[in-house]
2 protein chains.
Amino acid sequence: MVASGVVVGETVGVAANSRVTIAAHALAWLELARRGGREVLTSEEVAASVNTNAVIIRRSLGDLQRAGLVTARRGNGAGFFLGRPATEITLLDVWLAVSPEPLLALHHSEPNLECPVGRGIRPVLTDLYDEATDTFRAALARWTVSDVLERILA
Amino acid sequence: MVASGVVVGETVGVAANSRVTIAAHALAWLELARRGGREVLTSEEVAASVNTNAVIIRRSLGDLQRAGLVTARRGNGAGFFLGRPATEITLLDVWLAVSPEPLLALHHSEPNLECPVGRGIRPVLTDLYDEATDTFRAALARWTVSDVLERILA
DNA sequence: GTCGAACGTAACAAAGATGGTTGCTTCTGG
DNA sequence: CCAGAAGCAACCATCTTTGTTACGTTCGAC
C-alpha cells in the first residue's frame with residue numbers, strides 16, 4: 001500500500017467494505033468520460049482517478065461485468081464501458097454485484113440448543129436482520145450512477 | 001483455539017459482524033433469567049448459552065455496560081443484570097453499543113483530486129451512505145430485547 | 001481482615017478478509 | 001504477426017475477529 005514508508009495514506013486501516021465506493025467511483029468516471037466522448041476507458045485510466053492499482057479496478061469491474069453493469073472489450077483498443085445507461089444502474093445493483101456479505105452475521109458457532117434462547121434466537125434474528133437489510137437496500141436502490149454523477153458535478 | 005470440547009466448528013470463517021448477535025443473545029438470556037427469578041448471571045452462564053468463551057461475553061457486556069444497557073456487579077456473588085427494562089432496549093441501542101463501524105467505507109486512500117469525480121465523490125457517497133444507514137438504524141430501532149424474547153418463546 | 005468468586009484486561013494465536021503488487025497468459029484489432 | 005490490455009494466479013502485509021490463557025482487581029461473605 002502506498003509504497004510503505006510514512007503512510008502518507010491518510011485513513012489506513014479500516015475494515016468495512018470500500019468495494020461499493022470503488023465500483024461507484026469507477027462507474028461515475030466511465031459515465032463522465034462517455035459524456036465527454038470517450039466510450040472506453042482502460043483499467044489504468046480508471047485506476048488513476050480512484051488512486052489505486054489497475055488490478056484492483058479490473059477485479060472490481062470484473063464483478064460489475066458479471067452482473068452486466070459494464071462490458072469489457074479485449075484485444076487492441078481494449079477497455080471497459082457501461083453495460084447499460086447510467087440512469088439504469090442503481091447503487092443497489094452495485095452493492096449486489098460487489099458486496100455479497102450480509103450486514104450482520106449470526107453466531108459463528110451454533111448456540112447451546114438446550115437453552116430456550118439458544119434454540120430459538122437464530123430464525124428470529126435472521127428475520128429482523130433481513131428486514132433491516134431490506135430497508136438499506138431500498139435506500140441504495142433510490143440512487144443511480146447518473147444521480148451520483150449529477151451530484152458530484154453540481 | 002477450539003481446544004476445549006468438541007465445538008463442532010460449523011460455520012467458521014465469516015467476516016461480518018456477529019457482535020450484535022452475541023449481545024442480543026446475552027440480553028435476551030438475561031431477561032429470560034430475570035423473569036425466572038434469577039436477576040444476576042455470570043459471564044460463564046451467559047457464555048454457556050451463547051456457546052462461546054466467557055471472556056468474549058465479558059467484552060461484549062462491557063460494551064453494553066458502557067452504554068448503560070447492563071450493569072455489572074463485582075465481588076462475591078458478582079455478575080451482570082439488565083441496566084433498564086428489556087422493553088426499553090432496542091436493537092439499535094445494541095448496535096450502537098457494540099458496532100461503531102460504518103456499514104460502507106469510503107476509499108482507503110484519497111482519490112485523485114485532479115479528476116472531477118475524484119474531487120467530488122466523497123461527500124456525495126457519504127451522504128448517500130448515511131441516508132441508507134439511517135433507514136437501517138430505524139429498522140433496528142423498531143425492535144426491543146423484549147420483543148425478540150417474545151418471538152423466541154412464541 | 002482474609003478469602004474466593006467473578007469481573008476487567010492485557011497479551012497472544014489462528015483464521016479470514018482486503019488491498020496492493022508482480023508476473024504471466026489470453027484475447028483481438030490493426 | 002504483434003502490441004496493448006484484460007484476466008488471473010500467487011504473494012505479501014495489514015487488520016479484524018474470535019478464541020484462549022493469565023493475571024490483577026473488586027467486594028460480599030464469613
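- Between A/D63 atom CG and D/dG7 atom P the separation is 11 Å, expressed in whole Å.
- Listed pair A/S43 / D/dA5 fails the phosphate criterion, with no side-chain N or O lying under 4.0 Å from OP1 or OP2.
- Protein atom CG of A/N53 is 5 Å distant from nucleotide atom P of C/dT21, rounded to whole Å.
- Residue B/N76 places none of its side-chain N or O atoms closer than 4.0 Å to OP1 or OP2 of D/dC27.
- A salt bridge does not link B/D63 to B/R19: none of the charged nitrogens lies less than 4.0 Å from a carboxylate oxygen.
- Residues B/N51 and A/P111 approach most closely at CB-CA, 3.9 Å, considering heavy atoms.
- Protein atom CD of A/E44 is 14 Å distant from nucleotide atom P of C/dG20, rounded to whole Å.
- Projected onto DNA chain C by closest heavy-atom contact, A/G75 and A/R59 fall at different nucleotides, the more 5' of which corresponds to A/R59.
- Residue A/Q65 places its side chain closer to D/dG7 than to any other of D/dG7, C/dC7, C/dT18.
- Within 4.0 Å (heavy atoms only), B/G79 reaches sugar-phosphate atoms of the nucleic acid but no base atom.
- Under 3.5 Å, the side chains of B/T144 and B/D147 contain a donor-acceptor pair of N or O atoms.
- The residue B/E45 sits apart from the nucleic acid: no heavy atom pair falls under 4.0 Å.
- Residues A/V148 and B/L113 fall into different hydrophobic clusters, defined by Ile, Leu, Val, Met, Phe, Trp and Tyr side chains chained together at heavy-atom separations under 4.5 Å.
- When the nucleotides D/dC8, C/dG20, D/dT18 are ranked by their closest atom to the side chain of B/S109, C/dG20 comes out on top.
- Across the interface with DNA chain C, nearest-nucleotide mapping of B/T42 and A/T52 shows B/T42 to be the residue nearer the 5′ end.
- Between A/R73 atom CZ and D/dG7 atom C1' there is a gap of 17 Å when expressed in whole angstrom units.
- Counting to the nearest Å, the C1' atom of C/dT22 and the CD1 atom of A/I57 are 17 Å from each other.
- When the P atom of D/dG19 is taken as reference, atom CZ of B/R58 falls 14 Å away, rounded to whole Å.
- For B/A78, taking side-chain heavy atoms from C-beta onward, the closest of the listed nucleotides D/dT18, D/dT21, C/dC7 is C/dC7.
- In this entry the distance linking CG of B/N17 with P of C/dA17 reads 14 Å, nearest Å.
- Side-chain contact, B/D93 with B/T90: a donor N or O sits under 3.5 Å from an acceptor N or O.
- Side-chain atoms of B/R74 and base atoms of C/dC7 include a donor and an acceptor less than 3.5 Å apart.
- Between B/I22 atom CD1 and D/dT17 atom P the separation is 13 Å, expressed in whole Å.
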